[in-house]
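Both backbone and side-chain heavy atoms feed into the values below; hydrogens, waters and symmetry mates do not. Sequence lines set the chain letters: A, B, ... in the order given, protein chains first and strands last, and positions in each chain run from 1.
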Amino acid sequence: MPAFDVETIRKDFPVLERTVAGGKALVYLDNAATSQKPAAVLDAVRDYYERSNANVHRGVHTLGEEATALYEGARDLTASFINAADRSEVVFAKNATEGINLLAYAIGNAAPGSALAVGPGDEILITEMEHHSNIVPWQLLAQRTGATLRWLGLTDDGRLDLSNLDELLNARTKIVSFVHQSNILGTINPVEPIVRRARDVGALVFLDGSQSVPHHAVDVQALGVDALVFTGHKMLAPTGIGILWARRSLLDELPPFLGGGEMISEVTMAASTYAEPPHKFEAGTPPIAEAVGLGAAIRYLTDIGMDAIAEHEAAITSYTLDALRSVPDLRIIGPDTTQARGGSISFAMKGIHPHDVGQLLDTYGVAVRVGHHCARPVCVRFGVPATTRASFALYTTTAEIDALVEGLGHVRTFFGR
Amino acid sequence: MPAFDVETIRKDFPVLERTVAGGKALVYLDNAATSQKPAAVLDAVRDYYERSNANVHRGVHTLGEEATALYEGARDLTASFINAADRSEVVFAKNATEGINLLAYAIGNAAPGSALAVGPGDEILITEMEHHSNIVPWQLLAQRTGATLRWLGLTDDGRLDLSNLDELLNARTKIVSFVHQSNILGTINPVEPIVRRARDVGALVFLDGSQSVPHHAVDVQALGVDALVFTGHKMLAPTGIGILWARRSLLDELPPFLGGGEMISEVTMAASTYAEPPHKFEAGTPPIAEAVGLGAAIRYLTDIGMDAIAEHEAAITSYTLDALRSVPDLRIIGPDTTQARGGSISFAMKGIHPHDVGQLLDTYGVAVRVGHHCARPVCVRFGVPATTRASFALYTTTAEIDALVEGLGHVRTFFGR
Amino acid sequence: MSQPSFDPLYQEIILDHYRQPRHCGLRDAYDAEVHHVNPTCGDEVTLRLQLDGDRLADVSYDCEGCSISQASVSVMTELVIGKSVADAQTVHDAFLALMQSKGQGEPDEAVLEDAVAFSGVSRYPARVKCALLGWMALRDATARAQAGMRETAEIVTTTEGGAAS
Amino acid sequence: MSQPSFDPLYQEIILDHYRQPRHCGLRDAYDAEVHHVNPTCGDEVTLRLQLDGDRLADVSYDCEGCSISQASVSVMTELVIGKSVADAQTVHDAFLALMQSKGQGEPDEAVLEDAVAFSGVSRYPARVKCALLGWMALRDATARAQAGMRETAEIVTTTEGGAAS
Ligand SMILES: Cc1ncc(COP(=O)(O)O)c(C=O)c1O
Ligand SMILES: Cc1ncc(COP(=O)(O)O)c(C=O)c1O
């Protein structure tokens with residue numbers, strides 16, 4: 001493996017050559033929203049369409065077999081990327097959000113009284129730092145079934161408050177679903193104590209890995225959770241594909257979610273039987289080209305090495321935390337140490353609304369995200385209407401962080417009142 | 001508009017230059033499964049990733065605004081392609097299957113007793129020629145709610161049997177969902193009598209346009225239905241995107257389906273309010289690049305003209321029906337006239353299993369689909385385990401039909417017993 | 001200051017209203033109070049309206065939010081206070097049309113006065129909602145005041161600004 | 001005939017069994033009957049098994065389906081009839097391994113005899129299921145016969161052939 005060289009890596013990403021705002025180099029610091037794509041991914045997708053495009057799983061013709069092999073090959077790559085015990089544990093969805101909804105709806109479809117069913121008296125536990133995609137599906141499930149939604153709170157430095165874990169995760173808890181790495185705070189949550197407690201009380205544990213899987217090695221068997229969701233577009237892959245991994249025994253037990261082609265075994269007008277996992281959960285024509293792109297992204301990440309990527313991003317994060325401390329009137333929302341935190345840094349500037357921060361930075365070519373980052377309860381918790389967030393990827397450089405900090409200086413001058 | 005010239009059009013589709021089976025020209029007659037993609041679509045997608053890739057709707061940075069404009073621009077193009085009254089009536093899903101499931105689940109989420117809710121005593125009407133994607137979601141809804149699923153039968157020549165329409169579509173019927181053009185039989189169904197009767201009894205009408213929208217002009221206002229679903233990959237666009245169009249008033253009334261980012265108005269830990277349509281139904285990061293590709297596909301189709309495309313495909317269909325009549329022991333399953341039928345032709349060869357037909361044709365470069373085409377009840381109805389299906393697109397030529405017919409001659413020689 | 005001077009968004013008038021908002025601070029006398037939020041960015045406004053017959057006697061609001069939303073509501077108060085409901089509606093319609101013009105609008109200075117400075121905002125779909133926040137709140141408050149509903153409308157989300165969201 | 005002669009799929013042995021299937025037609029004496037379908041293509045097989053103690057005394061089946069599934073079940077009957085359950089299992093395992101080999105298998109002719117002709121099938125994932133249909137049905141019928149379950153198992157869908165489906 002060649003040494004990690006960020007300048008070499010940047011050459012793989014065509015968009016990074018782009019200029020914005022009248023000729024300024026693009027400084028893309030919005031990677032937690034979506035990542036850019038290397039040429040290798042774009043080439044794989046284009047090759048697929050120019051050579052092998054066909055629908056999958058039912059073809060006896062050459063293109064159909066090639067398309068199926070490519071699509072199923074992407075499943076193999078994904079399974080080994082997260083160290084799944086079996087390829088059939090990997091279900092392709094449209095995004096992480098669908099993956100979580102799939103779990104919530106399939107559980108909602110479980111026959112009342114069955115082991116998976118939830119109802120009045122049962123509890124679902126989430127946390128106050130979840131993305132809306134890991135809040136709303138459980139609110140809806142609770143509404144449909146009469147179960148109760150509860151949540152772990154946060155400490156002032158942006159960590160999960162586990163002091164009352166044993167009370168909140170109790171014998172009534174059927175499901176715990178929480179985020180591995182927060183998209184707004186950057187916090188990396190400890191999985192082990194939650195899994196241990198969940199095992200004691202017999203609850204299922206689902207992990208939202210949308211922000212962790214793209215940035216460091218994740219091993220589902222080592223984590224010991226029951227399901228993990230993540231999303232292609234944040235890990236150098238195309239939009240339009242999400243991944244649900246779940247233990248095979250759970251996928252076997254879960255009733256289906258979406259009904260349609262591909263997910264059936266036998267259909268009569270009156271009733272149907274369903275295919276084995278993963279196909280049982282993949283109704284309709286799947287995201288074929290998107291899976292091919294995901295496979296290419298996983299190859300690209302693996303070639304560079306997830307550990308090397310994690311190390312690079314940790315260095316950038318540390319550099320940024322230091323640099324931001326030099327900006328007057330700037331408050332970091334989330335852990336302000338590098339310990340158990342990833343490269344997604346939210347902050348507030350006194351008296352200046354994030355919208356104005358982001359807008360002015362854009363005129364200097366610096367792209368950050370502003371808003372509640374689909375985690376409004378975190379904003380409420382920290383008493384801000386919104387935050388400005390800079391988030392990193394394997395191609396982020398210290399020069400880009402310098403540009404951010406310089407831009408923040410301009411922001412202060414321009415909006416100071 | 002230049003005259004329709006199939007050879008010029010073929011040059012726009014890179015895959016059509018491909019050879020298979022040891023140097024034979026690809027004869028792609030599996031268009032009902034998925035269409036090939038013109039370079040214009042592939043270029044649009046690649047340009048998007050190389051220039052403007054960002055997450056949509058929340059960015060104040062340049063890429064975020066460009067991505068949003070492209071994504072929402074695709075919505076505008078789609079709305080005018082089907083003559084929707086308003087752009088907010090167009091919801092992007094992952095495929096047609098999700099579109100139908102969205103309707104079924106959202107209805108299932110309606111408060112008991114509300115106008116949209118279904119329950120015991122209520123009926124859902126489909127037909128015996130539906131794709132599994134328009135059968136299974138309704139079976140599941142019926143199971144969840146206690147409603148009764150009923151269906152219109154077929155005549156021997158592969159038409160809907162409307163003789164007992166008034167009995168099957170009655171005051172208890174809450175929903176009618178049927179296919180505009182059958183993917184297995186090629187039949188184009190009459191919409192008007194079903195809509196008229198549905199209006200009389202107050203039922204909602206949903207149309208599965210997966211096989212009609214790609215092949216002839218469809219005007220949702222003229223059709224008078226309440227919702228229409230179709231799918232990008234069958235209309236020259238990428239995989240990973242489907243379209244649900246529904247009357248704005250219906251979208252307003254329907255409860256949400258998937259929960260998560262993008263579809264909310266305000267989230268607290270305890271409860272959420274939802275965005276206006278279409279966003280209410282687009283949870284999570286949408287298929288952004290796929291929408292860009294869909295927009296390019298719609299531009300491409302519109303530039304050529306849907307009427308010219310329909311005319312070309314009708315000529316190919318007529319030519320094929322004539323040619324197949326010359327093949328001994330071949331039985332067409334579905335209408336064997338050109339009247340009210342599209343370019344998807346299923347047939348059975350006496351004593352030879354479709355799997356063998358398709359496999360041998362492949363060795364001559366001819367790609368057809370074999371199987372039940374996700375419409376097993378049709379196979380049961382016509383007493384065949386499966387069919388061989390040839391299906392056409394704007395780039396199909398009579399020479400390709402000749403290759404098919406010649407290949408069928410080889411099949412008879414090889415497998416005759 | 002190295003901020004590019006061609007910036008179409010942050011016009012001097014806008015910055016001026018942002019730095020010195022007019023009529024800012026909630027006043028006690030009112031017939032209707034509404035609280036509007038822009039759910040995508042977290043901008044919020046609480047706005048009070050006092051009618052005198054058919055005339056907008058006073059409009060007051062709290063002073064938080066981004067520069068565009070703050071300046072917009074400030075400009076608005078200057079434009080509408082003292083006007084009849086019908087005349088205020090005319091201004092509202094003109095401003096809404098400008099915001100939906102995607103940078104193509106020809107604002108009528110006679111009607112919009114200082115608000116023409118917001119022309120450039122219409123090119124930034126994400127900011128159109130900011131600019132409209134106070135205006136939508138006022139429209140809502142007017143309807144409530146006319147209907148005699150004094151109690152606060154707690155959370156009313158802004159509708160789409162018409163532009164791509 | 002212009003069919004390319006290098007076709008790895010339609011070996012002469014396969015076509016021979018397809019044209020003249022051995023042991024074809026359901027016979028009256030049996031201890032277990034199963035009906036298996038391949039849901040993706042519509043292939044079906046009804047298969048009957050008669051045990052004589054620990055020995056497969058007879059295997060019979062109906063004669064419909066594609067050439068690969070027909071030839072495969074025909075070859076299978078020739079290989080297993082008269083063998084002990086354990087020996088039949090050995091043949092079954094060897095055939096399954098060959099089918100999952102994606103064209104890389106080195107079949108043991110001593111065990112598989114005529115069934116080595118199916119090597120090429122393993123390169124066609126869509127056809128692997130056809131080739132395995134009868135074999136899966138036999139495994140199922142054996143288990144049922146040993147458990148004394150004579151009544152027909154009406155529809156048992158084939159499990160995935162291990163290859164990409
Ligand atoms: C008539 C019909 N309906 C629905 C579908 C489902 O489309 P998709 O697989 O893209 O969801 C198809 C295609 O497979 C179809 O032909
Ligand atoms: C932590 C987290 N969970 C879930 C999601 C949802 O991902 P997607 O929008 O791809 O469904 C995101 C990203 O938006 C995220 O950051």
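More than 12 heavy-atom neighbours from other residues, nucleotides or ligands sit within 6.0 angstrom of CZ on Arg22(D). Atom CD of Glu106(D) has 12 or fewer heavy atoms from other residues, nucleotides or ligands within 6.0 Å.
Residues meeting the ring-ring contact (aromatic ring centres under 6.0 Å, His included) test with Tyr395(B), sequence neighbours left out: Phe13(B).
Taking every heavy atom of both residues into account, Asp356(B) and Ile68(D) meet most closely at OD1-N, 4.4 Å. Taking each heavy atom of His355(B) and Ala126(D) in turn, the nearest pair found is CE1-O, 4.1 Å.
Side-chain contact check for Tyr10(D) versus Leu360(B): some heavy-atom pair is nearer than 4.5 Å.
Among pairs with a residue in residues 84-115 of chain D, those fulfilling ring pair (Phe, Tyr, Trp, His ring centres under 6.0 Å) read Phe95(D)-Phe118(D), Phe95(D)-Trp135(D), at least two apart in sequence or across chains.
In this structure, the separation between CZ on Phe415(B) and OH on Tyr18(D) is 6.5 Å, given to the nearest 0.5 Å. Put simply, SG on Cys66(D) and CD on Gln359(B) are 9.0 Å apart, with the number rounded to the nearest 0.5 Å.
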